[in-house]
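Each ligand, and each atom within it, is numbered from 1 in the order the structure gives.
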Amino acid sequence: MTTDTAPTTTAKPVLQASGVVMRFGGLTAVNNVDLTVGEGEIVGLIGPNGAGKTTFFNCLTGLYVPTEGTVTYKGTVLPPKPHLVTQAGIARTFQNIRLFANMTVLENVLVGRHTRTNEGLFSAILRGPGYKRAEAESREKAMELLEFCGLANKAQHLARNLPYGEQRKLEIARALASEPGVLLLDEPTAGMNPQETRAAEELVFAIRDKGIAILVIEHDMKFIFNLCDRTAVLVQGQKIVEGDKETVQNDERVITAYLGAPLEGAAEGTSTTAGTEDDQ
Ligand SMILES: Nc1ncnc2c1ncn2[C@@H]1O[C@H](COP(=O)(O)OP(=O)(O)O)[C@@H](O)[C@H]1O
Ligand SMILES: [Mg+2]
């Protein structure tokens with residue numbers, strides 16, 4: 001007999017981690033973590049410093065080969081090679097910004113497009129019509145992305161001369177240049193002032209509205225709970241809870257291990273950053 005009850009998960013999985021374990025010698029940094037990011041979703045990943053959040057991202061993006069477990073993108077197991085992972089459709093930003101400091105803003109985004117251009121080395125050396133056409137198209141797309149991220153007026157500036165908040169935005173623009181289906185953001189608002197943080201929130205919503213699913217690590221709880229459809233909490237490598245804002249905020253284990261104090265601020269507008277120091 002058929003029923004009309006809603007399925008437990010509605011979003012089609014884009015990125016799916018199953019039983020991911022990452023050990024460094026005797027240390028288990030990520031311990032049997034399952035996590036799914038569905039189409040159209042913004043999923044949060046929170047937890048104290050050293051909980052394994054960045055290591056988990058590294059496992060998702062091929063930087064580390066997980067000791068155990070699998071990662072699939074749209075149903076296909078990912079090869080553990082960063083460039084192949086990017087090519088498949090996963091893009092990321094780094095907790096410690098990794099830009100080409102002496103390249104312009106535009107050039108940084110063009111580098112990010114590399115995996116989506118078909119022009120080979122010979123074509124580039126000969127600079128024939130195919131190369132010129134591809135280059136013009138790349139520049140146009142890169143400029144569109146800079147416009148989208150609010151950096152178009154800085155296109156010709158050197159990346160190293162951008163204020164910190166704009167460097168973080170540039171990392172996002174560069175990640176988007178690979179035309180991902182899912183974007184992983186590792187502490188995108190670290191070092192931003194409250195205005196920049198609110199602008200980053202709008203940017204993340206706009207990226208989601210383009211059809212790109214998002215997984216985001218942050219310590220700013222207001223940012224996380226404003227944005228995320230679901231949030232998972234990692235403590236000592238293990239996912240201790242996953243759910244909506246209320247579920248996470250009210251979970252005793254999360255309060256004890258991470259949030260510490262009640263979160264009125266997160267609900268009402270005071271910026272609430274869970275108590276950890278900046279680490280990297
Ligand atoms: N390449 C590595 N080699 C050894 N230990 C590592 C490595 N990367 C991370 N770790 C350790 O794994 C744990 C989790 O770190 P990390 O993923 O950076 O945590 P988080 O991002 O949640 O702050 C820490 O104890 C850290 O020292
Ligand atoms: Mg980290």
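I42 places a side-chain heavy atom less than 4.5 Å from the side chain of C228. Side-chain contact between F223 and V204 is present, with heavy atoms from C-beta onward closer than 4.5 Å. Contact check for N102 versus R160: side-chain heavy atoms found under the 4.5 Å cut-off.
When each atom of ligand 1 is checked for a heavy atom of N49 under 4.0 Å away, the hits are 23 (O). Every atom of ligand 1 is numbered from 1 in the order shown, and the set under 4.0 Å from a heavy atom of L27 is 11 (C), 12 (O), 25 (O). Residue contact check: A51 has heavy atoms under 4.0 Å from atoms 19 (O), 20 (P), 22 (O) of ligand 1. Near A29, meaning under 4.0 Å from one of its heavy atoms, ligand 1 places the atoms 12 (O), 13 (C).
Across G25, G237, G52, G47, heavy-atom proximity to atom 19 (O) of ligand 1 is greatest for G52.
The cationic atom of K239 (NZ for Lys, CZ for Arg) does not lie both less than 6.0 Å from the six-membered ring centre of F56 and within 45° of the ring axis.
Metal site remark for the Mg ion (ligand 2): Q95 contributes an N, O or S atom at a distance under 2.8 Å. Coordination check, T54 versus the Mg ion (ligand 2): passed, since an N/O/S atom of the residue sits under 2.8 Å.
Heavy atoms of F56 found under 4.0 angstrom from ligand 1: none, in either backbone or side chain.
For the 3.5 Å distance criterion, the side chains of N58 and T55 fail to qualify, holding no donor opposite an acceptor.
Within the 4.0 Å heavy-atom cutoff, P48 counts among the residues contacting ligand 1. Ligand 1 is approached by Y64 to a heavy-atom distance shorter than 4.0 Å.
Put simply, the side chain of Q167 gets close to the backbone of A159: a donor and an acceptor are under 3.5 Å apart.
When V216, T61, T93 are each tested for a side chain to side chain contact (heavy atoms under 4.5 Å, CB included) with L184, only one passes: T61.
When only interatomic distances are considered, the shortest N/O to N/O separation between K53 and ligand 1 falls below 3.5 Å.
Relative orientation of the Y64 and F24 rings is perpendicular, given thresholds of 30° and 60° on the angle between their planes.
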